[in-house]
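The residues of the chain are indexed from 1 along the displayed sequence.
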Amino acid sequence: MKVILFNNASTYLWKHIATAVENGKKALEELKNENNVYDLLLLDLNMPVMDGFELLSIMQDDTRLKEIPVVIMSANDSKEIIANCLSKL
């Protein structure tokens with residue numbers, strides 16, 4: 001399994017390869033790189049440069065990227081934010 005993380009360094013996570021990026025724009029670049037195939041996306045909604053909402057919207061418009069399962073993380077537990085995320089999936 002190859003996982004993309006939004007963090008500061010590439011690492012091994014539970015014996016899986018994880019790619020870490022520092023902002024949403026770089027995440028999109030990694031995801032759109034056809035040499036990369038990800039099995040899972042761990043997405044923080046509050047990323048700099050491009051937030052998680054924008055990244056989700058872009059992914060849903062891309063036939064390849066919309067097939068990647070997404071786990072969304074946020075410190076905010078607002079029902080509106082949860083509904084907004086679910087509407088993009």
>> Give me the atom names and distance for the closest heavy-atom approach of P48 to N23.
In response: O-CB, 3.2 Å

> Is any side-chain heavy atom of V49 closer than 4.5 Å to a side-chain heavy atom of E22?
Replying inline: no

>> Set out, in order, the CA-CA distance, both residues' side-chain angles and the distance that settles side-chain contact (heavy atoms from CB on, under 4.5 Å) for V71 and L40, then state yes or no.
In response: CA-CA 8 Å; V71 175; L40 178 69; 3.8 Å; yes

> If you measure from the Lys or Arg side-chain nitrogens to the Asp or Glu carboxylate oxygens, is any gap between K66 and D61 under 4.0 Å?
Replying inline: no

>> Test side-chain contact (heavy atoms from CB on, under 4.5 Å) on L56 and I58; report intermediate values, then the result.
In response: CA-CA 5 Å; L56 274 176; I58 292 168; over 6 Å; no

> Just how far is it from atom CD1 of I68 to atom CG of L43, taken to the nearest 0.5 Å?
Replying inline: 11.5 Å

> Can you check side-chain contact (heavy atoms from CB on, under 4.5 Å) on M59 and L41, steps first, answer last?
Replying inline: CA-CA 11 Å; M59 288 178 68; L41 171 67; 3.4 Å; yes

>> Quick check against the 3.5 Å criterion: does D62 have a side-chain atom that pairs as donor or acceptor with the backbone of L65?
In response: yes

> Between K26 and E30, does a salt bridge (charged side-chain N to carboxylate O under 4.0 Å, His left out) hold up when you go through it step by step?
Replying inline: CA-CA 6 Å; K26 289 191 178 186; E30 285 289 322; over 6 Å; no

>> Could you measure the distance from the CG atom of L31 to the OH atom of Y38? Nearest 0.5 Å is fine.
In response: 6.5 Å

> Any idea which heavy atoms bring L55 and G24 closest together, and the distance?
Replying inline: CD1-O, 4.3 Å

>> To check you understand the geometry: which heavy-atom pair defines the closest contact between R64 and N33, and what is its length?
In response: NH2-O, 3.9 Å

>> Is there a side-chain contact (heavy atoms from CB on, under 4.5 Å) between N36 and T19? Walk through the geometry before answering.
In response: CA-CA 10 Å; N36 296 331; T19 302; over 6 Å; no

